[in-house]
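Inspection log for the structure reproduced underneath, given as structure tokens.
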Amino acid sequence: MITRMSSLFLRTLREDPADAEVPSHRLLVRAGYVRRAAPGGYSWLPLGLRVLRNIERVVREEMDAIGAQEIQFPALLPKEPYVATGRWSEYGDTLFRIKDRKGADYLLGPTHEELFTLAVKGEYSSYKDYPVMLYQVQTKYRDEARPRAGVLRGREFVMKDSYSFDLDDEGLEASYRKHRGAYIRIFDRLGLDYVIVAATSGAMGGSASEEFLATAEAGEDTYVRSTDSGYAANVEAVVTPAPPARALEGLPEAQVHHTPDTPTIETLVDFLNGAGLVREFTAADTLKNVLVKTRMPGQKEWTLLGIGVPGDREVDMKRLEAGLEPAEVALVEEADFAANPFLVKGYIGPGALQANGVRYLVDPRIVTGTAWVTGADKADHHVVDLVCGRDFTPDGTIEAAEVREGDASPDGHGTLVAARGIEIGHIFQLGRKYADAFELDALGPDSKPVRITMGSYGIGVSRLVAAIAEQHHDELGLVWPRAVSPADVHLVVAGKDDTVFEGGERIVGELSQRGVSVLFDDRTVSPGVKFADAELIGVPTIVVVGKGLAKGVVEVKDRATGERTEIDVDAVVDHVTGLVRG
Ligand code: ATP
Ligand code: MG
């Protein structure tokens, strides 16, 4: 195929778009791949659409290879199935809800578990029908709080979502493994550098959910990995190893101390160490109580919640939110303090919380027999040696404390280091949540119903365009891996005279006949403009037909390495075809 730049619907930009913060966004706009049409909504121009389609093709090939079958649902969906699973309200503000002319409620699908479950229920009834895996490549809608970085986080985006339906847990495990393998092959073929991280806290079993993160500074996900083992996890999924509970016998009594002007952990520790008490204290000996309020979807009223963490750590809101999902979480305001006078700002202790019915959840390090310095619920007063399991009993534990580099790895091997990534895929053993909601059963061999168990698996197809660009670019522009490049070769004619143009035409024609797709810069602009555009657009092989043609040579440039090679004009078609075929 030949794409002539003289008529291609493309105008590259010399300037960075004002709203672009990350390299992929900047370059995809400058190189004319995408254009912003709405907040979180992007149009695909010809070159961008090709990259998107190339990614879709790789995804489809690997999904088909594991036996998944492609179907397609509408994006405009009725409310009822989502009410049945609770997601109509659980999704909160992220769900686009609309009404039709008759006033009936609809939504724009953010993900399609409900529809797939109903589809299988509609078609299948016997155990002999299972297992089955179905997928679609489809436009999804989410009213993201912070759409950002172009197609990286859109409000309308393309996702591949697939779902597996099995009769038992072993079947689900097998479907999950197949998807995991397919995802590895997809992301390898797309030339991505990525990690697979644990995504749930493990409460549902070790491999119940994993995320694929493309390593990138621009990523919104922070993950940690061990220095000494294969452990890797999303920060939200890190499970803090709890120390063993200790004996209560012989521990000193709790003592309240007057600690004037010590509203922060730092001032408190300084005061205690200056007070000449029997031992030295560090921030880790203090118990910091952070007050938040939560609200379940669909509720109006907020409920107070106390969170206790060791004083040397901050509360990580993302971890806290993940732990409280689907509840909404907000920080308390002055008005909340005013309405609840038992809350003494800066001096909140477990005592007043528990005495006033405020649920109190603590970090897993706060186990029975540990002694803490914490607020005494009275201005300017702290209590020392307040013992967990003796002087207060938390309502449960929560993973809310920040995870830090240097923390012990939860698997007991090595310490944690942190890095950032872009979530490109997510595989998840759902179990029977949706099958229960819709009573999806198969009639077993003994004619008894068997409840189906499901998995759901997503890939951010449009996000991948940005994720790949994020990993494959330099200061001059994009540098596409072959598998996704909008063309195999970018051929630039550098020169004005007809022989150069004719030479270019001939090579392009022969390449095309060999099945090589060529982006042909046949414009009459200066060579400098053409070279700059070729670097910006990022096709992996650039052929320059110019002055050398008179001597019988053309130049072949590797976009990634910058390496230039002079090739005999008669050999260039073979040479380039060889490069393209790898
Ligand atoms: P994120 O944490 O980035 O919001 P998510 O956990 O909401 O992602 P899933 O619901 O698992 O994502 O969706 C499956 C895949 O769809 C994700 O792994 C991601 O690659 C992609 N995706 C999710 N939200 C968006 C978005 N707003 N724009 C583009 N791609 C998205
Ligand atoms: Mg999301």
Side-chain angles (χ1 to χ4, degrees), residues 22 24-25 28 34 36 38-42 44 48 52 55-56 59 63 75 82 85 87 90-96 108-114 116 135-163 176 179-180 182-183 186-187 190 192 194-200 208-216 218-223 233-237 317-319 321-322 325-326 420-430 433-434 454-471:
V22 305
S24 60
H25 185 194
L28 288 170
V34 298
R36 184 180 182 277
Y42 282 78
W44 298 92
L52 184 70
I55 294 170
E56 286 178 7
V59 170
M63 292 311 297
Y82 286 77
T85 59
R87 293 212 294 181
E90 265 174 34
Y91 246 107
D93 289 341
T94 305
L95 193 66
F96 276 108
L108 295 176
T111 163
H112 281 69
E113 279 77 359
E114 285 80 352
F116 276 84
Y135 77 97
Q136 64 177 348
V137 178
Q138 206 230 22
T139 306
K140 296 280 193 265
Y141 297 85
R142 295 182 185 180
D143 193 355
E144 298 279 359
R146 286 172 290 274
R148 72 180 272 275
V151 295
L152 210 50
R153 179 175 298 283
R155 299 204 297 171
E156 172 175 316
F157 58 97
V158 181
M159 193 201 292
K160 184 287 298 175
D161 50 331
S162 48
Y163 305 85
Y176 183 89
H179 272 89
R180 198 176 191 275
Y183 278 35
I186 289 166
F187 299 134
L190 296 179
L192 282 159
Y194 62 95
V195 289
I196 305 174
V197 303
T200 46
S209 174
E210 288 167 295
E211 285 171 1
F212 290 72
L213 304 181
T215 54
E220 286 173 273
D221 285 84
T222 306
Y223 68 94
N234 196 312
V235 165
E236 277 94 297
M317 284 308 280
K318 272 182 109 175
R319 268 166 64 73
E321 281 165 8
E325 229 175 310
R420 293 182 79 76
I422 299 166
E423 184 187 322
I424 48 177
H426 188 183
I427 52 178
F428 188 36
Q429 296 188 19
L430 279 177
K433 174 177 171 181
Y434 293 89
M454 291 169 56
S456 91
Y457 317 90
I459 288 183
V461 174
S462 51
R463 175 178 287 184
L464 275 170
V465 176
I468 296 169
E470 210 50 57
Q471 289 187 356

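It should be emphasised that the depicted structure is a prediction, and the values quoted were computed from it without experimental measurement. When a ligand or atom number is given, it counts from 1 through the structure's own listing order.
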Margin query: Distance under 4.0 Å to a non-hydrogen atom of Leu152: what atoms of ligand 1 satisfy this?
Written below: 28 (N), 29 (C)
Next item on the list: Report yes if some heavy atom in the side chain of Thr85 is under 4.5 Å from a heavy atom in the side chain of Glu113; otherwise report no.
Entry: no
Check: Against heavy atoms of Met159, which atoms of ligand 1 measure under 4.0 Å?
Finding: 13 (O), 14 (C), 16 (O)
Check: Got a sec, which residues hit side chain to side chain contact (heavy atoms under 4.5 Å, CB included) with Lys433, two or more places apart in sequence or on another chain?
Finding: Glu90
Note to self: Looking at Arg146 and Glu220, is any side-chain nitrogen of the basic one under 4.0 Å from a carboxylate oxygen of the acidic one?
What the structure shows: no
Next item on the list: Return yes or no for this condition: an N or O of Val151 is under 3.5 Å from an N or O of ligand 1.
Entry: no
Check: Of all residues at least two apart in sequence or in a different chain, which pass the side chain to side chain contact (heavy atoms under 4.5 Å, CB included) check with Ala75?
Finding: Gln138, Tyr141
Check: How long is the gap from CD on Glu114 to OH on Tyr82, to the nearest 0.5 Å?
Finding: 4.5 Å
Check: How does Arg463 reach ligand 1, if at all, at less than 4.0 Å between non-hydrogen atoms: by side chain, backbone, both, or neither?
Finding: side chain
Margin query: Just to check, does Ile424 reach to within less than 4.0 Å of ligand 1 when the distance is taken from its heavy atoms?
Written below: yes
Margin query: I'd like to know whether ligand 1 has Gly154 as a neighbour, heavy-atom separation below 4.0 Å.
Written below: yes
Next item on the list: Examine distances only and state if a side-chain atom of Arg155 and a backbone atom of Gly41 form a donor-acceptor pair shorter than 3.5 Å.
Entry: no
Item checked: Residue part near ligand 1, for Arg142, under 4.0 Å between non-hydrogen atoms -> side chain
Notebook entry, point to check: Side chains of Asp143 and Asp93: does their closest heavy-atom pair fall under 4.5 Å?
Noted result: no
Margin query: Need the ligand 1 atom indices (1-based, order shown) with element for anything under 4.0 Å from a heavy-atom of Glu144.
Written below: 24 (N), 26 (C), 27 (N)
Note to self: I'd like to check whether Asp221 has a polar contact with ligand 1, where a contact means an N/O of the residue lying under 3.5 Å from an N/O of the ligand.
What the structure shows: no
Item checked: Proximal atoms of ligand 1 relative to Gly425 (non-hydrogen, under 4.0 Å) -> 18 (O)
Checklist line | Those atoms of ligand 1 less than 4.0 Å from some heavy atom in His426 | finding: 11 (O)
Notebook entry, point to check: What class does the angle between the rings of His25 and Tyr42 fall in, given that below 30° is parallel, 30 to 60° is tilted and above 60° is perpendicular?
Noted result: perpendicular
